[in-house]
Number of protein chains: 2
Amino acid sequence: MNSEQHDALAARYGADAMPPAGPWNPVIAALLAHRSVRAYRPDPLPDGTLETLVAAAQSAATSSNMQTWSVVAVPDPATKAVMAAVANNQKHIEQCPLFLVFLADLSRNERLAAEEGATLEGLPYLETFLVAALDAALAAQNATVAAESLGLSTVYIGALRNDVERVAKALSLPPGTMGVFGLCVGYADPARRAEVKPRLPQPAVLHHGRYDAAEEPAHRAVYDAALAAFSTRNEMNADRWTDRVLARWGKVRTLHGRDELKAALRRLGFPLR
Amino acid sequence: MNSEQHDALAARYGADAMPPAGPWNPVIAALLAHRSVRAYRPDPLPDGTLETLVAAAQSAATSSNMQTWSVVAVPDPATKAVMAAVANNQKHIEQCPLFLVFLADLSRNERLAAEEGATLEGLPYLETFLVAALDAALAAQNATVAAESLGLSTVYIGALRNDVERVAKALSLPPGTMGVFGLCVGYADPARRAEVKPRLPQPAVLHHGRYDAAEEPAHRAVYDAALAAFSTRNEMNADRWTDRVLARWGKVRTLHGRDELKAALRRLGFPLR
């Protein structure tokens with residue numbers, strides 16, 4: 001294991017939970033170095049950056065080549081302000097030079113069928129909504145990898161789901177589309193440090209042959225300590241991961257309106273049968 | 001635009017739908033070169049490859065750092081045969097040296113809460129299931145990018161959702177977990193050519209400020225021609241994309257049992273409120 005690989009794995013897992021060393025190269029080093037960035041310089045992106053990110057996104061796998069996703073680039077401050085308001089006032093949405101909203105999009109296929117005089121019986125199902133949401137996620141992750149390879153940073157904004165109908169209205173979305181999440185893209189503000197965040201030890205996530213959680217409490221104890229240390233170094237509260245999980249999903253109100261997602265999706269044209 | 005970039009964009013979009021040239025580098029070239037591979041050599045992977053792919057996967061963003069996904073590596077032929085049977089007998093599942101099943105996993109957080117004597121009121125919602133499925137997708141896409149950087153190929157197996165309960169039983173999954181999709185990983189069989197598949201023209205997918213499908217029929221006509229030409233070159237039927245969409249979702253039976261996904265998920269411990 002070379003020192004770059006060692007340091008990258010130690011940052012991602014903590015020195016007490018290093019996985020076995022495997023193959024290594026610059027792409028894997030870049031993937032391991034990911035961190036979400038919530039403070040951006042105002043500098044614009046080079047010409048053609050958006051199109052390059054979308055080409056990367058479209059190159060991801062898509063279920064049966066149905067391509068059930070779309071993306072809206074949101075340039076104007078007024079619309080970005082709406083997005084920020086939906087997302088509990090996350091200021092980086094207004095700050096970043098490029099804000100993307102990735103859509104689960106069954107409407108394109110539905111328009112196609114309408115023009116052919118056909119009906120797509122398979123569309124109104126939970127499965128088909130899930131295909132569209134997963135397609136959007138695979139595409140967005142490729143866009144993120146491409147952005148980071150260009151020296152840009154990103155952060156996903158799942159909080160757009162706090163009010164998917166307000167997002168739909170602001171972006172003139174047709175029925176059968178839904179903003180799955182936003183993505184801020186831009187140059188990280190160098191004054192705001194963003195350390196790689198440790199994740200759970202691999203054996204807590206990776207199973208061989210069958211799911212086996214027997215050792216999970218021990219792995220979680222290691223991780224609770226690693227995340228508390230990370231938080232202390234980054235001037236946040238020294239919470240354990242355990243505390244954060246309890247805080248995130250302990251009460252329905254911590255869903256910030258997303259407990260109404262199913263009803264909202266039905267109104268947006270996803271029956272979720 | 002250098003010739004590598006030109007050729008990559010022409011392969012992805014067809015010569016009649018080239019997007020504007022933006023920035024370019026080896027990572028973006030690798031993303032653009034993705035193709036799904038359905039024929040593998042039996043050669044095993046280098047030691048530590050699985051752990052490297054999982055490290056890449058864990059480095060992807062995860063909603064609120066909740067890490068609501070897991071992965072099962074399926075090594076034994078008997079279990080792979082079950083997976084192949086669920087997935088309409090896709091032979092590459094049994095052929096590839098590494099078959100991964102990515103899970104939406106709320107069970108880890110639920111176990112944590114149980115040990116703390118707490119209840120996670122936020123878990124039983126559609127939103128929280130969606131978070132877990134999206135987390136799994138972001139992770140899997142990073143694993144795919146890492147695999148391809150190592151000269152390996154992949155293909156997603158969404159057809160595991162034909163029978164999520166059979167998958168759960170075969171992998172001993174606890175309640176609150178679900179196999180979102182499989183991923184074959186291995187060395188592509190060089191005897192089976194796999195050309196980059198063209199995608200929809202960018203303007204059919206990328207919107208500026210607001211969703212606008214006014215020009216969509218023209219873009220789809222261009223794409224129908226590009227995909228028919230691709231299919232002819234690759235010795236498949238010369239179907240238009242339009243025909244494939246109608247065939248994929250025209251009838252409920254083309255969902256291959258996935259019209260029952262909602263009921264199955266409830267039985268697996270996702271109330272989807």
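All chains are named by letter (A, B, ...) in the order of the sequence lines, taking the proteins before the strands, and each is independently numbered beginning at 1.
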Measuring heavy-atom distances to chain B, does [X] have an atom under 4.5 Å in its side chain, in its backbone, in both, or in neither?
X	value
A:Glu115	side chain
A:Leu100	neither
A:Asp105	side chain
A:Thr154	neither
A:Ser64	side chain
A:Leu103	side chain
A:Ala133	both
A:Glu116	side chain
A:Arg258	both
A:Thr144	neither
A:Phe99	neither
A:Leu50	side chain
A:Lys197	side chain
A:Phe102	neither

**Flag if over 12 foreign heavy atoms under 6.0 Å of CG, A:Asp47** = no

Would you indicate whether the side-chain heavy atoms of [Y] and [X] approach each other to under 4.5 Å?
X	Y	value
A:Tyr156	B:Ser63	no
B:Phe129	A:Leu261	no
B:Gln67	A:Tyr223	yes
A:Arg220	B:Arg108	no

**Segment of B:Leu32 engaging chain A (4.5 angstrom heavy-atom cut-off)** = both

**Asked** Considering only heavy atoms, which portion of B:Leu9 lies under 4.5 Å from any heavy atom of chain A: side chain, backbone, both, or neither?
**Response** side chain

**Value rounded to 0.5 Å, distance of CD in A:Glu51 from CG in B:Leu206** = 6.5 Å

**Message:** Distance check, rounded to the nearest 0.5 Å: A:Glu216 atom CD versus B:Arg111 atom CZ?
**Reply:** 4.0 Å

Looking at [X] and [Y], what are the two nearest heavy atoms and their distance?
X	Y	value
B:Ala137	A:Leu138	O-CD2, 3.4 Å
B:Ala118	A:Leu246	CB-CD2, 3.8 Å
A:Ser172	B:Tyr211	O-CB, 3.5 Å
B:Trp241	A:Met66	CZ2-O, 3.3 Å
A:His34	B:Ala60	CD2-C, 4.3 Å
A:Arg161	B:Leu134	NH1-CD1, 3.9 Å

[Y] versus [X], side-chain donor and acceptor atoms under 3.5 Å:
X	Y	result
B:Tyr125	A:Glu260	no
A:Arg199	B:Ser59	no
A:Arg248	B:Asn109	no

**Results of side chain to side chain donor-acceptor pair (under 3.5 Å) for A:Arg244 - residues two or more places apart only** = A:Ser231

**Prompt:** What do the steps show when you test B:Ile28 against A:Ser149 for side chain to side chain contact (heavy atoms under 4.5 Å, CB included), and what is the final call?
**Reply:** CA-CA 8 Å; B:Ile28 291 166; A:Ser149 80; 3.7 Å; yes

**Salt-bridge criterion met for A:Glu121 and B:Arg253 (N-O under 4.0 Å)** = no

**Message:** Evaluate A:Asp259 against B:Glu127 for side chain to side chain contact (heavy atoms under 4.5 Å, CB included), listing each step before the verdict.
**Reply:** CA-CA 7 Å; A:Asp259 46 313; B:Glu127 155 67 13; over 6 Å; no

